[in-house]
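Only one structure is covered here, and it is reproduced in the block below.
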2 protein chains.
Amino acid sequence: MPETRWLDDEEQGTWRAYIWTNHLLWEALERQLQQDSGIPHAYYIMLVCLSESPDRTMTMTQLASVTQFSASRLSHAMARLEEKGWVRRIKHEEDRRTTMAKLTDEGFSALERAAPGHVDEVRRRVFDPLSREQIRQFHDILATILSGLEAAEESGTPTAEEPGTSAPE
Amino acid sequence: MPETRWLDDEEQGTWRAYIWTNHLLWEALERQLQQDSGIPHAYYIMLVCLSESPDRTMTMTQLASVTQFSASRLSHAMARLEEKGWVRRIKHEEDRRTTMAKLTDEGFSALERAAPGHVDEVRRRVFDPLSREQIRQFHDILATILSGLEAAEESGTPTAEEPGTSAPE
DNA sequence: GTAAGTCGGTTGAAATCTCAACCGCGTCGG
DNA sequence: CCGACGCGGTTGAGATTTCAACCGACTTAC
């Protein structure tokens with residue numbers, strides 16, 4: 001790494017805006033969810049993922065992969081959700097190693113209660129202030145960044161420069 | 001609030017992309033910083049803020065306000081940074097309530113060591129994949145969202161409708 | 001069959017963050 | 001001057017997250 005290419009003014013400004021937006025937005029969402037439903041956002045995500053899965057069930061590993069949480073974090077969180085009665089863990093019949101996490105009816109209705117407020121907050125904070133055109137641009141920008149990040153996930157930490165090249169595997 | 005206005009497909013897609021991007025990006029940055037310098041990103045931000053302040057010094061409250069961390073979080077983190085020798089806390093002479101946080105020379109050079117890798121990561125993950133035009137759009141979008149969030153900060157939780165204050169920095 | 005290796009998942013301890021209570025200093029009204 | 005209140009900041013307990021070690025269940029090679 002010969003020389004650091006520092007961020008120019010425009011990039012710097014954008015980056016700070018990003019950091020800052022993220023920070024405030026996250027806080028607003030977390031607060032809203034916590035106060036209205038007593039659920040941290042991370043748990044909310046897990047419930048959403050389960051609710052959208054067939055039979056409202058997933059293996060721990062699947063859920064970890066979808067949410068990008070560590071196995072450990074998931075396990076602890078699950079224990080917490082199970083205490084609340086929102087989720088039940090069931091041993092898989094065939095492969096006795098794997099555990100199925102199933103959203104209970106109480107869990108589902110907790111989600112139903114929490115969702116409107118959350119969606120409302122997101123809409124108010126993010127989408128209402130943006131024009132339709134901006135939403136489209138935003139989507140494209142995020143998709144672009146995302147594809148680079150996902151490529152990096154699989155193969156070490158490449159320079160996110162190549163479009164199609166597949167990982168060695 | 002009569003009926004929930006759910007997100008349409010475009011909004012939903014954008015939102016998920018945002019959540020996901022954020023998550024992966026944050027993890028990538030956190031990991032990079034942690035591994036290369038042993039500093040969590042939150043601490044990095046604090047060091048950066050101090051380093052840019054005159055005399056590399058700020059009161060705790062100023063720092064809390066700039067970083068948007070709670071006083072408590074800041075206090076704990078400061079204790080940690082002080083142990084590392086990167087920061088020193090000094091009682092203010094005139095107003096004995098206030099504490100000045102000062103970045104030490106070791107702190108500054110720790111920052112110097114950490115910065116290039118971090119900037120590099122940000123550039124590679126975020127800006128390199130984007131066109132100049134997209135960066136500009138991104139900036140506008142973030143500024144728009146941000147101004148709503150900041151307006152909400154000050155006055156309860158208004159509907160983010162005011163054109164109001166301009167972005168900071 | 002059995003020992004080594006891997007996979008799915010859990011556990012406990014340490015680090016961090018949040019929340020509420022707290023302490024000392026300053027200020028203001030009387 | 002006196003007491004009440006507000007401000008700057010700290011503290012300790014509780015919740016969450018991470019890290020590393022661990023356990024039992026499958027697989028594979030001998």
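Just so we're on the same page: letters track the sequence lines, and every chain starts at 1.
Here B/Glu30 lies out of heavy-atom contact (under 4.0 Å) with every strand. Looking at heavy-atom distances under 4.0 Å, A/Thr98 makes contact with sugar-phosphate atoms alone, never a base. Contacts of B/Thr99 with the nucleic acid, taken as non-hydrogen atoms under 4.0 Å apart, involve only primed sugar atoms and P, OP1 or OP2.
At least one donor-acceptor pair closer than 3.5 Å links the side chain of A/Arg123 to the backbone N or O of B/Trp6. The backbone N or O of A/Val48 lies less than 3.5 Å from a partner atom in the side chain of A/Ser51, making a donor-acceptor pair. A donor-acceptor pair under 3.5 Å is absent between the side-chain atoms of B/Ser53 and the main chain of B/Leu50, judged by distance alone. Judged purely by atom type and a 3.5 angstrom limit, B/Ser131 uses its side chain to pair as donor or acceptor with the backbone of B/Gln134. A donor-acceptor pair is defined here as one N or O able to donate and one able to accept, closer than 3.5 Å; such a pair exists between the side chain of B/Ser109 and the backbone of B/Glu106. Within the 3.5 Å criterion, the main-chain N or O of B/Trp86 finds a donor-acceptor partner in the side chain of B/Thr104.
With rounding to whole Å, A/Ile45 atom CD1 is found 16 Å from D/dT16 atom P. A/His92 has its NE2 atom 14 Å from the C1' atom of C/dC7, to the nearest Å. Put simply, CG on A/Asp95 is 5 Å from P on D/dC26, counting in whole angstrom units. Counting to the nearest Å, the P atom of D/dT10 and the CG atom of B/Leu63 are 11 Å from each other. Atom-to-atom, CE of B/Met60 to P of C/dC25 comes out at 17 Å; the value is rounded to the nearest Å. Rounded to whole Å, the distance from NE2 on A/His41 to P on D/dT16 is 15 Å. Atom C1' of nucleotide C/dC17 and atom CZ of B/Phe69 are separated by 11 Å, given to the nearest angstrom.
For DNA chain D, the residues of residues 78-85 of chain A within the heavy-atom distance limit of 4.0 Å (strictly under) are A/Arg80, sorted by number.
Comparing B/Leu74 and A/Tyr43 by the nucleotide of DNA chain D whose heavy atom lies nearest to each, the residue mapping closer to the 5' end is B/Leu74. In terms of position on DNA chain D, the residue among A/Ala42 and A/Glu94 whose nearest nucleotide sits closer to the 5' end is A/Ala42.
Aromatic rings from A/Phe69 and A/His76 are positioned such that their centres are separated by 6.0 Å or more.
With sequence neighbours left out, the ring-ring contact (aromatic ring centres under 6.0 Å, His included) criterion links B/Trp15 to B/Tyr18. The ring-ring contact (aromatic ring centres under 6.0 Å, His included) check on A/Trp26 picks up A/His41, with sequence neighbours excluded.
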| Working for salt bridge (charged side-chain N to carboxylate O under 4.0 Å, His left out), residues B/Arg31 and B/Glu121 | CA-CA 10 Å; B/Arg31 188 167 42 235; B/Glu121 189 78 9; over 6 Å; no
Is there any protein nitrogen or oxygen under 3.5 Å from a nitrogen or oxygen in nucleotides 2-6 of chain C, and what are the pairs?
none

What nitrogen or oxygen pairs link the protein and nucleotides 18-22 of chain D at under 3.5 Å?
residue, atom, partner, partner atom, Å
D/dT18, O4, A/His76, NE2, 3.1
D/dC19, N4, A/Ser72, OG, 2.5

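With A/Glu82 as the partner, the salt bridge (charged side-chain N to carboxylate O under 4.0 Å, His left out) test is satisfied by one option alone out of A/Lys102, A/Arg88, A/Arg89: A/Arg89.
Pairs passing the salt bridge (Lys or Arg N to Asp or Glu O under 4.0 Å) check and including a residue from residues 36-47 of chain A, sequence neighbours excluded, do not occur.
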